[in-house]
Amino acid sequence: MSEEILTEEFEVLESIYPEELNRISDRELSLIVEPEEPVSGLSDFKVTLRVSYPSEYPDVYPEVALEAFKEGDTEDKELTAEEEQRLLKSLEEIGNENIGMAMTFTLVSHLREQLTTVLLERAEKIRREETEKERRALEEEEARTRGTAVTVESFLKWRAGFLAEQAEKKRRQDEERMKGKERTTMTRSTSLIIIFFSQVGRPKNEKKQSD
């Protein structure tokens with residue numbers, strides 16, 4: 001009885017999914033599955049559903065696996081481990097509700113719905129990340145334009161630095177002032193010495209001229 005059910009089920013599936021279905025053997029197939037509804041920014045997302053049917057099928061749940069369908073190297077076109085486990089668990093729950101009946105079409109339909117949910121969650125995560133990025137950029141720009149918020153700690157730190165800077169400035173000014181006084185004193189002393197010697201030497205010169 002299971003052979004007849006499986007043969008009929010394969011024929012129905014091949015008529016519904018002529019391009020997507022690959023019949024690996026009499027008891028195994030793979031099928032490319034797309035989300036039921038496209039999600040903006042996350043198009044061309046597909047997975048490969050592999051189903052292996054035991055001899056007791058459909059009275060037992062078949063062996064089901066999900067594989068990445070790669071058309072490129074884009075990571076967002078692959079399921080994460082968490083997403084894969086969640087989908088497999090959901091498929092098993094649906095399958096167990098349909099024990100005793102051909103269930104592959106039901107599994108595929110459910111998987112398509114769940115893939116749409118996964119992509120909507122991804123789109124929402126991307127939106128939140130972009131919003132957070134914009135918020136941080138705005139806060140950084142506002143902080144840059146308005147300056148750093150004043151706190152007691154930041155004020156005391158600024159005050160200590162300001163006073164140290166003013167003390168150093170005063171010290172340099174005092175040094176310059178002292179150097180200026182020394183230069184002025186030296187200049188005056190030099191001038192007095194020149195005047196003294198010029199005055200002392202003048203009578204001798206005048207006496208020589210009178211002789």
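Residues take their numbers from the sequence shown, with the count starting at 1.
A salt bridge does not link R112 to E37: none of the charged side-chain nitrogens sits closer than 4.0 Å to a carboxylate oxygen. By the 4.0 Å N-to-carboxylate-O rule, E139 lies close enough to R135 to be salt-bridged with it.
Y53 has its side chain within reach of L29: a pair of non-hydrogen atoms, C-beta onward, lies under 4.5 Å apart. Counting heavy atoms from C-beta on, the side chains of F45 and E34 never come closer than 4.5 Å. Between L31 and V33 the shortest side-chain heavy-atom distance falls below 4.5 Å. In this structure, the side chains of L111 and V47 come closer than 4.5 Å at one or more pairs of heavy atoms. Between S30 and R50 there is a side-chain heavy-atom pair separated by less than 4.5 Å. For the pair Q114/R86, no side-chain contact is recorded, criterion being any heavy-atom separation below 4.5 Å from C-beta on. The side-chain heavy atoms of E36 and L115, taken from C-beta on, include no pair separated by under 4.5 Å. Side-chain contact check for F10 versus D26: every heavy-atom pair is 4.5 Å or farther apart.
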Inset, instruction - Could you go through the side-chain hydrogen bond (donor to acceptor under 3.5 Å, both in side chains) check for T104 and E9 one step at a time? - result: CA-CA 8 Å; T104 309; E9 185 172 11; 2.5 Å; yes
Legend entry - Verdict with supporting geometry, R136 and E132, salt bridge (Lys or Arg N to Asp or Glu O under 4.0 Å): CA-CA 6 Å; R136 290 181 179 179; E132 178 65 14; 3.1 Å; yes
Inset, instruction - List the steps, then state whether side-chain contact (heavy atoms from CB on, under 4.5 Å) holds for L87 with L66. - result: CA-CA 9 Å; L87 290 173; L66 295 174; 3.8 Å; yes
Inset, instruction - Would you check, one step at a time, whether the test side-chain contact (heavy atoms from CB on, under 4.5 Å) holds for E83 with T80? - result: CA-CA 5 Å; E83 290 170 341; T80 65; 3.1 Å; yes
Inset, instruction - Could you please spell out the steps behind the salt bridge (Lys or Arg N to Asp or Glu O under 4.0 Å) verdict for E14 and R23? - result: CA-CA 9 Å; E14 286 173 339; R23 188 168 178 172; 3.8 Å; yes
Inset, instruction - Please step through side-chain contact (heavy atoms from CB on, under 4.5 Å) for the pair F105 and N98, ending with a clear verdict. - result: CA-CA 11 Å; F105 177 77; N98 290 271; over 6 Å; no
Inset, instruction - Could you go through the side-chain contact (heavy atoms from CB on, under 4.5 Å) check for K170 and D174 one step at a time? - result: CA-CA 6 Å; K170 185 176 183 302; D174 290 342; 3.1 Å; yes
Inset, instruction - Test salt bridge (Lys or Arg N to Asp or Glu O under 4.0 Å) on E124 and R128 and set out the steps. - result: CA-CA 6 Å; E124 176 61 19; R128 290 197 304 267; 3.7 Å; yes
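Each of I24 and L21 belongs to its own hydrophobic cluster when Ile, Leu, Val, Met, Phe, Trp and Tyr are linked at side-chain heavy-atom distances under 4.5 angstrom. Criterion: ILVMFWY side-chain heavy atoms under 4.5 Å apart, direct or through other members. Under it, I5 and V60 are not part of a common hydrophobic cluster.
Listed by chain and residue number, L88 satisfy the side-chain contact (heavy atoms from CB on, under 4.5 Å) test with Q85 (two or more places apart in sequence, or in another chain).
Looking only at distances, no side-chain donor or acceptor of S52 sits under 3.5 Å from a matching main-chain atom of E63. Checked by atom type and distance alone, the side chain of T131 pairs as donor or acceptor with a backbone atom of R127 at under 3.5 Å. When atom types are taken as modelled, the side chain of E168 and the backbone of E165 share no donor-acceptor pair closer than 3.5 angstrom.
Around CZ of R171, the count of heavy atoms belonging to other residues, nucleotides or ligands within 6.0 Å exceeds 12.
Closest heavy-atom contact between Y57 and M101: OH-O, 4.1 Å. The minimum heavy-atom distance between P58 and A102, with the atom names listed, is CB-N, 4.3 Å. Minimum interatomic distance between L119 and P35 (heavy atoms only, all atoms of both residues): CD1-CG, 3.5 Å. Annotation for M103 and P62: closest pair SD-CD, 3.7 Å, computed over non-hydrogen atoms. For the pair L6 and R27, the tightest heavy-atom approach, listed with the atom from each and the gap, is CD2-NH1, 3.7 Å. The two residues T48 and A68 make their nearest non-hydrogen contact at OG1-O, 4.4 Å.
For the 3.5 Å distance criterion, the side chains of T151 and S154 qualify, holding a donor opposite an acceptor.
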